[in-house]
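Working notes, beginning with the structure itself.
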Number of protein chains: 2
Amino acid sequence: MDTTQAIFAFSALSQETRLDVLRLLIKAGQTGMNAGEIGDVLGVRQNTMSTNLNILLRSGLVRNEREGRSIRYFADIDGIRGLLAFLMEDCCGGKPELCEPVLDAIVCDC
Amino acid sequence: MDTTQAIFAFSALSQETRLDVLRLLIKAGQTGMNAGEIGDVLGVRQNTMSTNLNILLRSGLVRNEREGRSIRYFADIDGIRGLLAFLMEDCCGGKPELCEPVLDAIVCDC
DNA sequence: TCCATACATCAAGAATAATAGATATAACGG
DNA sequence: CCGTTATATCTATTATTCTTGATGTATGGA
């Protein structure tokens with residue numbers, strides 16, 4: 001992950017539809033969701049959703065897989081990890097009490 | 001953290017100067033850095049840096065403290081935690097193997 | 001109180017991004 | 001093949017964001 005890529009990824013997340021999509025796909029986990037299904041759930045027009053899905057794809061936060069006529073989208077965990085690792089790189093200047101709370105926040109219930 | 005606030009924060013990070021500033025402040029930890037010092041290190045003009053620091057402040061990713069004539073800026077760990085927690089909320093749909101690698105990436109050496 | 005330092009705000013031009021109508025492509029069924 | 005479904009691309013308009021010169025404000029020292 002370099003700065004340019006990180007900026008592109010954060011930029012992808014700085015728009016409501018795309019942020020909603022990624023959060024939805026993170027919830028969906030390995031099951032993923034079809035493009036049309038995502039558009040229906042979020043109430044976004046087909047071509048707008050397609051454009052936004054493509055931006056998420058290019059940002060490396062999402063991946064997809066053709067499934068017959070549909071295309072299924074998934075959160076790309078490696079991409080998300082890379083982005084967060086880039087942000088938190090060299091964190092806390094040797095004082096773990098600064099960054100530990102950040103980790104705690106992401107621990108999920110599963 | 002709500003969607004509007006998260007979009008504002010990700011938008012704050014989707015610009016080179018501001019992303020550089022936050023990463024710098026994360027490295028600086030509790031020591032923080034003066035506004036002028038940040039501008040010097042990153043080679044950004046005074047008023048541009050001031051505008052960008054204000055955007056980071058309003059995004060909740062950074063906090064500041066007056067120090068005589070200077071103003072010292074710090075990464076706001078609570079703000080960062082809130083943002084990442086919002087993104088990863090309800091992650092992995094019951095399958096921990098999806099989100100654990102994300103956590104591993106952020107574990108720091110300190 | 002006057003000056004210097006450190007930072008913030010204003011305003012306007014330039015660059016970038018968002019949306020949606022129209023159209024194109026890809027896959028499947030008959 | 002032909003039609004239908006599912007998604008992608010093109011294009012233009014509108015809206016937002018970035019940068020910077022000029023100027024304003026706050027603090028501390030002489």
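Letters go in sequence order (proteins before strands), and every chain restarts at 1.
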To check you understand the geometry: which heavy-atom pair defines the closest contact between B:Ser14 and A:Ile7, and what is its length? O-CG2, 3.4 Å
I'd like to know if the side chain of A:Arg72 reaches the main chain of A:Glu67, judged simply by a donor and an acceptor atom lying under 3.5 Å from each other, with no hydrogens or angles considered. no
Check for a donor-acceptor pair, side chain of B:Arg23 on one end and backbone N or O of A:Asp90 on the other, with a separation under 3.5 Å. no
Tell me the bend of the helix from C:dT1-D:dA30 to C:dG30-D:dC1 as the angle between end helix axes, each from five pairs, rounded to the nearest 10 degrees. 30°
Protein-nucleic acid N or O pairs under 3.5 Å, nucleotides 12-18 of chain C:
| unit_1 | atom_1 | unit_2 | atom_2 | d |
| --- | --- | --- | --- | --- |
| C:dA18 | OP1 | A:Arg18 | NH2 | 2.9 |

For A:Gln46, does its backbone N or O pair with a side-chain atom of A:Ser50 as donor and acceptor, under 3.5 Å? no
Distance check needed: C:dA6 P versus B:Glu37 CD, whole Å only. 12 Å
Counting only side-chain N and O atoms of B:Ser50, is one of them less than 4.0 Å from OP1 or OP2 of C:dA8? yes
Under 3.5 Å, side chain of B:Arg66 to main-chain N/O of B:Gly68, donor-acceptor pair present? yes
Side chains of B:Leu13 and A:Leu13 in contact at under 4.5 Å (non-hydrogen atoms): no
Option among B:Val41, B:Leu61, B:Ile55, B:Ile38 that satisfies the side chain to side chain contact (heavy atoms under 4.5 Å, CB included) test with B:Val21: B:Ile38
Can you measure A:Glu67 atom CD to D:dT7 atom C1' for me and round it to whole angstrom units? 14 Å
Distance check needed: C:dA8 P versus B:Arg69 CZ, whole Å only. 15 Å
Rounding to a whole Å, what distance do you find between A:Arg72:CZ and C:dA26:P? 22 Å
Here the distance between atom P of D:dC10 and atom CG of A:Asn54, to the nearest Å, is 10 Å
With a 3.5 Å distance limit and no angle check, can you tell me whether A:Arg63 reaches the backbone of A:Asp76 through a side-chain donor-acceptor pair? no
Base, sugar-phosphate, or nothing: which does B:Ser70 touch, judged by heavy atoms less than 4.0 Å apart? sugar-phosphate
Nearest heavy-atom neighbours spanning A:Ile26 and B:Glu89: CG2-O, 4.3 Å
Taking CD from B:Glu65 and P from C:dC7, how many angstroms apart are they, rounded to a whole number? 14 Å
If you compare every side-chain N and O of A:Thr48 against the phosphate oxygens of C:dA20 (OP1, OP2), does one of them come in below 4.0 Å? yes
Counting distance alone, no hydrogens or angles: does the base of D:dT19 have a donor or acceptor under 3.5 Å from a partner atom on the side chain of B:Arg45? no
Check this one for me: any side-chain N or O of A:Tyr73 less than 4.0 Å away from OP1 or OP2 of D:dA6? no
Of the candidates C:dA27, D:dT9, C:dT9, the side chain of A:Arg66 sits closest to C:dA27
Report yes if a donor N or O on one partner sits less than 3.5 Å from an acceptor N or O on the other, where the partners are the side chain of B:Gln46 and the base of C:dA8; otherwise report no. yes
Return the value, rounded to whole Å, for the distance between atom CE of B:Met33 and atom P of C:dC7. 11 Å
Starting from C1' on C:dA8, measure out to CG on B:Asn34 and report it in whole angstrom. 16 Å
Considering non-hydrogen atoms only, spot the tightest contact between A:Leu56 and A:Arg18 and give its length. CD1-O, 3.8 Å
Counting only side-chain heavy atoms from C-beta out, which of D:dT9, C:dC7, D:dG28 sits nearest to B:Ile71? C:dC7
